[in-house]
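Worksheet for the structure shown next.
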Number of protein chains: 2
Amino acid sequence: MALRHAVLAALLDEELSGYQVTKAFAAGVANFWHALPQQVYAELAKLEKEGLVAGREVVQEGRPNKRLFRVTGEGLGELESFASAAAKPAFLREDLLVQVQAADHLDADVLIERLTERYAFAEAKAALFEEQLRRMRGGLDEAEFLLRGASRVGPYLTCRRGRDFERANRDWCRDVMEVLRARRVQVREGD
Amino acid sequence: MALRHAVLAALLDEELSGYQVTKAFAAGVANFWHALPQQVYAELAKLEKEGLVAGREVVQEGRPNKRLFRVTGEGLGELESFASAAAKPAFLREDLLVQVQAADHLDADVLIERLTERYAFAEAKAALFEEQLRRMRGGLDEAEFLLRGASRVGPYLTCRRGRDFERANRDWCRDVMEVLRARRVQVREGD
DNA sequence: GGGGACATGTAACGGGTTACATGATTTT
DNA sequence: AAAATCATGTAACCCGTTACATGTCCCC
């Protein structure tokens with residue numbers, strides 16, 4: 001039941017529409033949680049009914065009207081009690097890990113295709129995160145920003161975790177490919 | 001729908017009972033997937049009905065009888081076609097990330113408690129993985145084992161990913177705590 | 001005698017994913 | 001003219017989690 005808290009956390013620093021929240025949670029750039037648009041809209045409706053967020057209609061010209069949401073005092077309380085309870089650690093749950101687990105029984109070429117794809121994805125996502133971090137830092141170097149920066153450090157720290165996660169995925173893909181290629185050569189020499 | 005493939009992958013190298021598979025998937029040490037006992041038993045039943053695994057009754061003395069499962073030719077085919085399709089990349093989905101995202105609006109002490117807990121958990125899990133890796137390597141150093149080792153490298157490579165994931169979690173917790181503490185001091189100086 | 005391993009499930013619930021739906025406006 | 005962006009949902013399904021259930025044997 002952490003989606004509700006993720007949505008609340010996303011709304012802490014600025015008033016956003018459901019659409020903007022879904023963009024923050026978009027598959028490619030989600031830095032601290034992931035959710036589909038349908039989930040976000042449903043969760044916002046629930047949160048509003050419970051008084052944890054408040055929405056206001058904004059009439060627009062040239063594009064559809066929208067509803068902007070902000071976190072209420074009760075909403076912040078909900079987040080506080082969420083942070084007071086022990087967080088459940090997450091597990092790695094990647095299709096690719098299952099495939100590599102079976103590596104010794106599968107065709108190496110097929111696996112290398114999968115690893116190449118994942119490598120590219122991880123590289124691209126890490127670059128996106130890196131770009132976001134650069135923008136958040138502004139002109140400051142990281143230590144300076146984290147210690148004395150005026151802006152919020154929470155989003156920066158979660159984004160950094162996202163970047164490092166994808167870097168680790170990238171490096172792992174690279175290493176696994178190296179091993180598979182080396183062993184394939186090994187097998188040929190053994191013939 | 002990757003649980004079925006995770007179960008198949010777990011059975012590739014040895015015949016196992018449902019209970020042994022659940023142990024392989026146990027929360028603390030799951031190196032490439034995570035599943036609860038109920039899921040494993042249900043999945044094994046389905047896989048057997050579909051002919052992807054074959055079970056045989058083993059009568060035991062002094063403890064309950066058990067059923068050992070092995071992957072059939074069809075089961076291996078299923079895994080092959082699974083590996084042929086593009087794997088969906090996973091997302092980080094950690095309660096703690098949500099909590100840190102909201103760090104600037106929450107009590108630092110409470111967050112540091114959460115981070116300390118997660119740090120200890122990550123450290124312990126990384127150590128477990130490291131121990132497993134050491135056992136798999138036997139006497140060989142890693143490069144030697146991966147290149148010329150006779151045993152299966154798939155499980156080793158996924159376990160290494162698990163270890164590095166938890167190390168990254170640990171280091172991130174450490175860094176975040178450092179930032180929160182430094183900024184707390186900063187705030188006091190600003191008074 | 002109690003707790004932990006061994007061994008295998010059923011049932012209910014809730015959250016996440018997939019598919020579908022609508023409609024205006026801006027960009028290519 | 002087609003595709004992408006803005007903007008918001010409904011409905012069905014599957015999977016994962018939580019809670020509950022049962023019984024033996026071994027070790028402290």
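By convention in this document, chain letters (A, B, ...) are assigned in the order of the sequence lines, proteins followed by strands, and residues within each chain are numbered from 1.
Less than 4.0 Å separates DNA chain C from at least one heavy atom of each of the following residues of residues 47-69 of chain B: B:Q60, B:R63, B:P64, B:N65, B:K66, B:R67.
Here ring pair (Phe, Tyr, Trp, His ring centres under 6.0 Å) pairs that include residues 99-136 of chain A, with residues two or more places apart or in two chains, number zero.
Side-chain N/O atoms of B:Y19 include none lying less than 4.0 angstrom from OP1 or OP2 on C:dT8. Between C:dA5 and B:K23, no contact under 4.0 Å exists linking OP1 or OP2 to a side-chain N or O.
Between B:R67 and B:E48 there is a salt bridge, since at least one side-chain N of the basic residue sits less than 4.0 Å from a carboxylate O of the acidic one. Salt-bridge annotation for B:E166 and B:R118: present, with a side-chain N of the basic residue lying under 4.0 Å from a carboxylate O of the acidic one.
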Which atom pairs, one a donor and one an acceptor, fall under 3.5 Å between side chains of residues 27-37 of chain A and the rest of the protein, sequence neighbours left out?
none

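Taking atom CG on A:L44 and atom C1' on D:dT8, their separation rounds to 11 Å, with Å as the unit. Distance A:Y41 OH to D:dA11 C1': 18 Å, rounded to the nearest Å.
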Fill in the blank from the handout: Nucleotide by nucleotide, nucleotides 13-18 of chain C touches protein heavy atoms under 4.0 Å in the pattern (B base, S sugar-phosphate only, - none) --SSBB
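A:A90 and B:R93 make their closest contact through CB-O, 3.5 Å (heavy atoms, listed as atom of the first residue, atom of the second, distance).
Note: A:L157 CG to A:R152 CZ = 13.5 Å, rounded to the nearest 0.5 Å.
Tested against B:E15 for a side-chain hydrogen bond (donor to acceptor under 3.5 Å, both in side chains), the candidates B:R70, B:Q20, B:R56 yield a single pass: B:R56.
The ring pair (Phe, Tyr, Trp, His ring centres under 6.0 Å) test applied to B:Y19 returns no partner, not counting sequence neighbours.
Without hydrogens or angle criteria, A:R163 side chain to A:E131 main chain gives no donor-acceptor distance under 3.5 Å.
Annotation: the terminal axes of the helix from C:dG1-D:dC28 to C:dT28-D:dA1 meet at 50°, where each axis is the rotation carrying the C1' atoms of four end pairs onto the next four (5 pairs per end, rounded to 10°).
Checked by atom type, the side-chain pair B:E142/B:Y156 shows a donor-acceptor distance below 3.5 Å.
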